[in-house]
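Some notes on the structure that comes next.
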Amino acid sequence: MVDVEARPPTRDSIPGVAGADDELRAKGLSNNSVGLLGSAVIGVSTVAPVYCLTSTLGPTVSEVGLQMPAIFLAGFLPMLLVAFAYRELNRAVPDCGTSFTWSVKAFGPRIGWMCGWGLVIATIIVLSNLAGVATSYFYLMLGEVTGSADVAALDGNKPVHVLTCLAFIAIATVISYRGMTATKGVQYALVGLQLTVLALFVVMALVKARSGDFAGSIDFSWGWLNPFAVDSFKTFTAGLSLSIFMFWGWDACLTVNEETAGSSRTPGRAALLAMVVLIGSYLLTAIGTQMFAGVGERDLGLGNPETSDNVFAALADPVMGSGLGVLLFVAVLASAAASLQTTFIPVARTVLAMSTYQALPESYSRVNPRFRTPGRATVAAGIATGAFYAVMTFLSENVLIDTIYALGLMICFYYSITAFACAWFFRAELRTSTRALFLKGVIPVLGGLLLAAVFTKTLIDIWDPAYGSGSSVFGVGSVFVIGVGLLAVGGVIMLVMQRRSPAFFRGEVLTRSTPALVVED
């Protein structure tokens, strides 16, 4: 009888590979199961571009008005710079622990552990939010198809909403558990659908905007791409934090590096390809919707507070017509559902790596022998996501909202550490060539500084109770309490693990000198 879970082989057990306790370890994942296109699709899917656009277009316009396209470009810049850091680190150390593994090798076990925690907790929050969005659009789509307001209203029934949400989480967990082959098949369909519908929406918006038949339509201006035209630095940083969130998730390409053909090079190329697809989609959609609807605060204007949190729901029929408008609801549902499934990839593989290197309990280092996936870590992530969303939904809607607002803090936290880790890890090579200086030093540091600045500014802003839902704890904004509190929880868990796994925290398991595991392409 075969065990349900099997422990992954170490390098000691791989023929022809010299073993050592401090070496990178094979995790038992399925090698060569993902190619360049599949990896890029995973990156795009995890970001969930259609969902991000419908929920972010309105708030971004409310902050910066006509400069929305410029803000999208500004948010793209630090992410692009950090993507180069990820690419260089992956070439040297193609390990599925990515940010955790790299920051441990650069800065030591404690900073590395907290970097890994930032990724894990941010992903759990995103997963719960995506499941909620998928549920809402599921009932909204059913209401549109059936023409029944009662069906659409089921989303407002908390028990029904939570049960449906848990069902979506369970389905996504099962698909992720069954491996990269199942993941790719679903993702090609869902990502293809959402990008096709989004392209159709943009074309129809541009055509109708230029027809002159709609009162709110405005002409395109190159000035929309000028970030210096934003009124103030405060509004610029507020818009920038929204824009950065819209790009989060592209690094999922790197967390499947041990399962990718060409593990040292393909994931980095896939990440850059995903970034190009995302910025192209965002700019075209921003320009198309802005030309069609304008930025006013009435009717279909993107600045209308009554529709700003769900722009596509308001623009679907006016842009695409009642017959095709439902496709936009399907696209948002597909976007959230696709991202819900792929977002399990980075959290499960980060937990797998942390466990393999003794930074978390050993049980999470086991993989399913049939599907060759981090089965136990995937199931644990699904349970944590479902429990988090259910508890938060019934406990307080404000807490759930503020938890989502705290996401930006987590994202900037672990991305910036990873960017700085790149420059420090390669510090001895920076003088060897101009390429090394810029791609391994200057560019990553610039990206890290930009994200660290956003982290610091966000930390200051969320102290104010007016930030987010407006809730406070002893006069301090609840977004601050949640964001800093979640990082503090990670610190406590780290101290517990330090007592259980002293070897890792003494730097005896994973060090800078640990050689990379070369996976044959």
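Note that the coordinates shown come from a computational prediction; the quantities given were computed from them, not determined experimentally. For the numbers below, each heavy atom of this structure counts, side chains included, while hydrogens, waters and symmetry mates do not. Just so you know, residue 1 is the first one in the sequence shown, and it goes up from there.
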Side chains of Val454 and Thr237 in contact at under 4.5 Å (non-hydrogen atoms): no

Are His161 and Phe138 an aromatic pair by the rule of ring centers under 6.0 Å? no

Under the criterion side chain to side chain contact (heavy atoms under 4.5 Å, CB included), I'd like the reasoning laid out for Thr343 against Trp248: C-alpha separation, chi angles, the key distance, then a yes or no. CA-CA 11 Å; Thr343 304; Trp248 178 82; 4.2 Å; yes

Main-chain N/O of Thr101 paired with Asp95 side-chain donor or acceptor, under 3.5 Å: no

Quick check: do Val133 and Leu333 have side-chain heavy atoms less than 4.5 Å from each other? no

Locate the shortest heavy-atom distance separating Gln194 from Ser335; write the atom from each residue and the value. OE1-OG, 3.0 Å

State, to 0.1 Å, how close Pro94 and Glu258 come at their nearest heavy-atom pair, and which atoms those are. O-CG, 3.6 Å

Could you check whether any side-chain heavy atom of Leu495 comes within less than 4.5 Å of a side-chain heavy atom of Gln498, counting everything from C-beta outward? yes

Do Met246 and Val47 have side-chain heavy atoms sitting under 4.5 Å apart? no

Inter-residue atom distance Arg376.CZ - Asn368.CG, 0.5 Å rounding: 10.5 Å

Separation of Asn90 CG from Thr255 OG1 (nearest 0.5 Å): 10.0 Å

So, do Leu407 and Asn129 sit near enough that their side-chain heavy atoms are less than 4.5 Å apart? no

Would you indicate whether the side-chain heavy atoms of Thr373 and Val367 approach each other to under 4.5 Å? no

Test item: Thr385 side-chain N/O and Ala381 main-chain N/O as donor-acceptor pair under 3.5 Å: yes

Polar side-chain atom of Asn257 near backbone of Cys96 as donor-acceptor pair, under 3.5 Å: yes

Verify, without hydrogens or angle tests, whether Tyr415 (side chain) and Met410 (backbone) share a donor-acceptor contact under 3.5 angstrom. no

Going through the distances and angles, do Tyr414 and Asp251 end up as a side chain to side chain contact (heavy atoms under 4.5 Å, CB included)? CA-CA 11 Å; Tyr414 84 85; Asp251 52 313; 3.3 Å; yes

Would you give me the side-chain donor-acceptor pairs under 3.5 Å for residues 115-124, sequence neighbours excluded?
from, atom 1, to, atom 2, distance (Å)
Trp117, NE1, Leu486, O, 2.9
Thr123, OG1, Leu119, O, 2.6

Can you check whether Ala338's main-chain N or O pairs, donor with acceptor, with Ser45's side chain at less than 3.5 Å? yes

Side chain to side chain contact (heavy atoms under 4.5 Å, CB included) for Arg110 and Met114? Distances and angles first, verdict last. CA-CA 6 Å; Arg110 290 168 184 81; Met114 288 302 299; over 6 Å; no

Smallest heavy-atom separation, Ala421 atom then Ser103 atom, equals CB-CA, 4.0 Å

Excluding sequence neighbours, so at least two apart, what forms side-chain contact (heavy atoms from CB on, under 4.5 Å) with Ala359? Phe100, Trp113, Met354, Phe504

With sequence neighbours excluded, tell me which residues meet side-chain contact (heavy atoms from CB on, under 4.5 Å) with Val476. Trp463, Phe480, Val481

Separation of Gln187 CD from Ile175 CD1 (nearest 0.5 Å): 8.5 Å

Regarding Asp402 and Tyr467, is there a side-chain donor-to-acceptor distance under 3.5 Å anywhere? no

Taking everything shown except Arg500 itself, do over 12 heavy atoms lie less than 6.0 Å from its CZ? no

Report yes if some heavy atom in the side chain of Phe426 is under 4.5 Å from a heavy atom in the side chain of Leu89; otherwise report no. yes

I need the full list of salt bridge (Lys or Arg N to Asp or Glu O under 4.0 Å) pairs touching residues 458-476, with sequence neighbours left out, sorted by first then second residue. Lys457-Asp461

Are any side-chain N or O atoms of Ser339 and backbone N or O atoms of Ala336, one a donor and one an acceptor, separated by less than 3.5 Å? no

In this structure, which one of Thr46, Val379, Ile169 forms a side chain to side chain contact (heavy atoms under 4.5 Å, CB included) with Phe344? Ile169

What orientation do Phe371 and Tyr177 show, parallel under 30°, tilted 30 to 60°, or perpendicular over 60°? perpendicular

Got a donor-acceptor contact below 3.5 angstrom from the Lys158 side chain to the Phe394 backbone? no

Quick one: are the ring centres of Phe247 and Tyr282 less than 6.0 Å apart? yes

All heavy atoms of Val162 vs all of Ala390, minimum pair found to be CG1-CB, 4.0 Å

Phe84: partners by ring-ring contact (aromatic ring centres under 6.0 Å, His included), with sequence neighbours left out: none

Are Leu127 and Tyr389 close enough that some pair of their side-chain heavy atoms sits under 4.5 Å apart? no

For the pair Tyr188 and Leu37, evaluate side chain to side chain contact (heavy atoms under 4.5 Å, CB included) and give the outcome as yes or no after the intermediate values. CA-CA 9 Å; Tyr188 284 142; Leu37 179 59; 4.0 Å; yes

Evaluate whether atom OH of Tyr364 has more than 12 neighbouring non-hydrogen atoms of other residues, nucleotides or ligands under 6.0 angstrom away. no

Would you check if there is a donor-acceptor pair between the side chains of Tyr86 and Ser99 at a distance under 3.5 Å? yes

More than 12 heavy atoms of other residues, nucleotides or ligands under 6.0 Å from CZ of Arg499: yes or no? no

Determine whether Ser365 and Thr356 satisfy the following criterion, side chain to side chain donor-acceptor pair (under 3.5 Å), listing intermediate values before the conclusion. CA-CA 5 Å; Ser365 67; Thr356 299; 4.9 Å; no

salt_bridge(Glu259, Arg349) N-O dist < 4.0 Å: yes

Between Ala503 and Gln358 the two heavy atoms that sit nearest each other are CB-OE1, 4.1 Å

Without swapping roles, check the side chain of Ser355 against the backbone of Val351 for a donor-acceptor pair under 3.5 Å. no

Let me confirm one number: the CD1-CZ distance from Ile125 to Phe388, rounded to the nearest 0.5 Å. 5.0 Å

Restricting to non-hydrogen atoms, name the atom on Ala172 and the atom on Leu340 that form the minimum distance, rounded to 0.1 Å. CB-CG, 3.7 Å

Looking at CD1 of Ile111 and CH2 of Trp424, how far apart are the two atoms once the value is rounded to the nearest 0.5 Å? 11.0 Å

Listed pairs under 3.5 Å, donor-acceptor, residues 435-444 side chains, sequence neighbours left out:
from, atom 1, to, atom 2, distance (Å)
Arg435, NH2, Glu88, OE2, 3.1
Lys440, NZ, Glu429, OE1, 2.8

Pairwise distance CG(Leu240) to CZ(Phe233) - rounded to 0.5 angstrom: 8.5 Å

